[in-house]
Amino acid sequence: MLNIHIATFGCTANQSSSEILEAKAVGLGHRLVSEREADVIICNTCTVKDTTEQKILHKIKEWGLQGREVIVTGCMPQVQMDEILENNPEVHVLGMNSLLKLGVILNRVHERLGGLSLRPMSVFDDSPEGLLNVPRKRSSPNIHICQISQGCNNRCSYCIVTLARGPLYSFDADSIVTDIEQAVYEGCSEIWLTSQDNAQYGLDKGIYLPALLERIIAIPGDFRLRVGMMNPASTLEILDDLLEAYSSEKIYKVLHLPIQSASDKVLDRMKRKHTMEQANIIVEKFRDAFPESTFFTDIIVGFPGEDEEDFELTLDWIRTYRPDKVNISRYTPRPHTEALQFRNIDTRIVVERSGKLHRLCNQIKLGKKEDMVGREVDVFISQQAKVKGLMSRTDSYKPVVIPEAGEFCPGQRCRVKIEEATPGYFIGYPV
């Protein structure tokens, strides 16, 4: 029996993969422990940001110096093996498409820990396997993460993830539905659909996201569905059918639409495939259909070639469209990408712009939160809260913690009065 710790970095898809790896390890008779207690570390990596990459490389090196056996999976091994081996030449590698072959590498690890002088092992597969209809150890027993596809057909000039995960590979709709049916049967009250771009689903299969959503919401049971990030260019192609599918009470009215910049000049340099006019059409139609909806977006600050006028366009757009949450990233060049050869903006300018954007977004976020205080809203209870009570969600996915929930439990609905707004959630009490 091995003492294993899984360290997860990055996106919801990685979180889902780690849940599968945990269940696989336990099913093979091994024990999950804290990092401090572990003989073996499985590092599920992310390569979107340089800061995350450097943290991962530091940890991989540190674990090696401590004499731990390290298994690296996720995006980094697909595109940055040289950097990984430079920091720890003894790592084992499990390709992101090969999760079910974890046991093969663990057998090698067991032999090495037993004193045999064996080389590290690498396992890679071209096609994704083991991401649906397999056991998993959910981080929350009430939330099921379903990855509906792997990869992306876009080639944004700054993005290394497309190189790591490859072109779009949509999973079979029947398998997705079966996966979610089983999760609902097991008591999951909230389903998260994830991928690199949910709106691209089915472009390679001939069944598109709205049709998939219709099949999912037809599954019996009282559960709620959260649809993850969708890029504007692919969302526009399916917008009318998507809005019709979203009318179901089972789907949270939340739109995660990353614009990355409000300057068409910068978008063109990023190779984003959408204009701001098109992005605005999506946001406006979504809000017209669902006035209480929640809107998330992502913005990269300081992309090469972004001047003050471009940045002001982004600030003006934020003031106009007032997103509920903005994921802000300072641009950092990524290896193997087209943008790597672009001339970078002075770091001091990027830091200044990032701070200015953060302050504006926080001001808008606080104002919108204060508008909710005192209102009575219907919520769906999704899981136990981290500290006390229950975590619930409004129909538009706004988080409401119910500290004193009485006899309510996950999977039920109730009406609450919002009494307080904290930075991360609202506090409400049943009425």
Side-chain angles (χ1 to χ4, degrees), residues 4-18 21 34-36 38 40-96 120 122 124 152 155-166 196 229 258 260-261 270 298-306 326-355 357-358:
I4 298 173
H5 175 73
I6 299 180
T8 306
F9 299 85
C11 65
T12 307
N14 266 16
Q15 182 182 336
S16 175
S17 295
S18 288
L21 289 171
S34 68
E35 179 183 332
R36 181 177 55 84
V40 184
I41 307 286
I42 301 175
C43 185
N44 196 353
T45 63
C46 172
T47 186
V48 172
K49 297 181 181 180
D50 179 70
T51 51
T52 305
E53 172 197 312
Q54 293 306 313
K55 180 178 180 181
I56 291 169
L57 291 174
H58 172 76
K59 295 295 290 185
I60 288 172
K61 183 175 183 178
E62 179 183 57
W63 292 324
L65 293 173
Q66 293 169 351
R68 319 274 195 111
E69 290 282 333
V70 180
I71 302 171
V72 182
T73 188
C75 284
M76 284 186 67
Q78 310 290 138
V79 286
Q80 292 173 282
M81 272 306 304
D82 289 345
E83 291 91 335
I84 292 170
L85 293 176
E86 182 180 336
N87 284 271
N88 186 342
E90 291 298 308
V91 299
H92 307 270
V93 178
L94 182 68
M96 67 172 65
S122 295
F124 286 96
C152 175
R155 291 295 181 269
C156 299
S157 63
Y158 57 84
C159 183
I160 190 174
V161 177
T162 300
L163 302 174
R165 293 187 179 263
Q196 283 64 68
M229 187 271 289
Q260 304 300 5
S261 170
M270 289 178 168
D298 301 1
I299 291 176
I300 297 172
V301 177
F303 189 77
E306 178 190 76
V326 182
N327 301 314
I328 302 171
S329 300
R330 298 176 191 169
Y331 172 74
T332 54
R334 308 307 301 128
H336 314 299
T337 63
E338 180 182 343
L340 182 64
Q341 61 189 312
F342 296 167
R343 183 176 180 179
N344 294 328
I345 296 172
D346 188 298
T347 303
R348 292 169 295 182
I349 295 175
V350 178
V351 170
E352 180 185 357
R353 290 178 185 171
S354 176
L357 182 58
H358 270 287

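All of these numbers come straight from a predicted model, not from anything done at the bench.
- Taking CD1 of I6 as the reference point, atom CG of N14 lies at 11.5 Å (rounded to 0.5 Å).
- Minimum interatomic distance between M229 and Q196 (heavy atoms only, all atoms of both residues): CE-O, 2.8 Å.
- A distance of 11.0 Å separates SG in C43 from CD1 in I71, rounded to the nearest 0.5 Å.
- Partners of E352 under the salt bridge (Lys or Arg N to Asp or Glu O under 4.0 Å) rule, at least two apart in sequence or in another chain, do not exist in this structure.
- Considering all non-hydrogen atoms of both residues, P89 and P120 come closest at O-CG, 4.1 Å.
- By the salt bridge (Lys or Arg N to Asp or Glu O under 4.0 Å) test, R330 pairs with no residue at all, sequence neighbours left out.
- Residue Y331 holds its OH atom at 9.0 Å from CE of M270, rounded to the nearest 0.5 Å.
- Two residues are said to be in side-chain contact when any heavy atoms from C-beta on lie closer than 4.5 Å; R155 and T162 meet this criterion.
- Residue R165 comes nearest to C11 through the heavy atom pair NH2-SG, 4.2 Å, listed as atom of the first residue, atom of the second, then distance.
- The backbone N or O of C75 sits nowhere less than 3.5 Å from a side-chain atom of T47 that would complete a donor-acceptor pair.
- Here CG of L85 is found 9.5 Å from CD1 of I60. Values are rounded to the nearest 0.5 Å.
- Within the structure, salt bridge (charged side-chain N to carboxylate O under 4.0 Å, His left out) pairs that include any residue of residues 74-87 do not occur (at least two apart or interchain).
- Summarising the geometry, atom CD1 belonging to I42 is positioned 9.5 Å from atom OG1 belonging to T8; distances are rounded to the nearest 0.5 Å.
- Checking H5, E69, E35 one by one against W63, the side chain to side chain donor-acceptor pair (under 3.5 Å) holds for a single residue, E35.
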(request) Give the C-alpha distance, both sets of side-chain angles, the deciding distance and a yes or no for side chain to side chain contact (heavy atoms under 4.5 Å, CB included) between S329 and D298. (result) CA-CA 8 Å; S329 300; D298 301 1; over 6 Å; no
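- Not one N or O on the side chain of N87 forms a donor-acceptor pair closer than 3.5 Å with the backbone of K61.
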(request) For K59 and I41, run side chain to side chain contact (heavy atoms under 4.5 Å, CB included): C-alpha distance rounded to whole Å, both residues' side-chain angles, the deciding distance at 0.1 Å, then the answer. (result) CA-CA 10 Å; K59 295 295 290 185; I41 307 286; over 6 Å; no
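- Checked against salt bridge (Lys or Arg N to Asp or Glu O under 4.0 Å), E90 has the following partners two or more places apart in sequence or in another chain: R112.
- At least one donor-acceptor pair under 3.5 Å links the side chain of T45 to the backbone N or O of M76.
- By the 4.5 Å heavy-atom criterion applied to side chains, Q80 and I160 are counted as neighbours.
- At least one donor-acceptor pair closer than 3.5 Å links the side chain of H336 to the backbone N or O of V79.
- Counting only heavy atoms from C-beta outward, the side chains of D50 and R334 approach each other to under 4.5 Å.
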(request) Evaluate side chain to side chain contact (heavy atoms under 4.5 Å, CB included) for K55 paired with F9, printing each intermediate quantity in order. (result) CA-CA 10 Å; K55 180 178 180 181; F9 299 85; 4.1 Å; yes
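- K49 pairs by the salt bridge (Lys or Arg N to Asp or Glu O under 4.0 Å) definition with nothing, not counting sequence neighbours.
- Side-chain contact between I328 and S354 is present, with at least one heavy-atom pair separated by less than 4.5 Å.
- Although no hydrogens or angles enter the test, the distance criterion places a donor-acceptor pair under 3.5 Å between the side chain of S17 and the main chain of A13.
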(message) Quick one, L57 with I84, criterion side chain to side chain contact (heavy atoms under 4.5 Å, CB included). Give me CA distance, side-chain angles, the key distance, then yes/no.
(response) CA-CA 6 Å; L57 291 174; I84 292 170; 4.3 Å; yes
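- Annotation for L340 and P333: closest pair CD1-CB, 3.8 Å, computed over non-hydrogen atoms.
- P304 has its side chain out of reach of Y158: every pair of non-hydrogen atoms, C-beta onward, lies at least 4.5 Å apart.
- Screening residues 337-350 for side chain to side chain donor-acceptor pair (under 3.5 Å), with sequence neighbours left out, gives K271-E338, D346-R348.
- In this structure, V70 and G64 approach most closely via the heavy-atom pair CG2-N, 4.4 Å.
- Put simply, SG on C46 and CD1 on I56 are 6.0 Å apart, with the number rounded to the nearest 0.5 Å.
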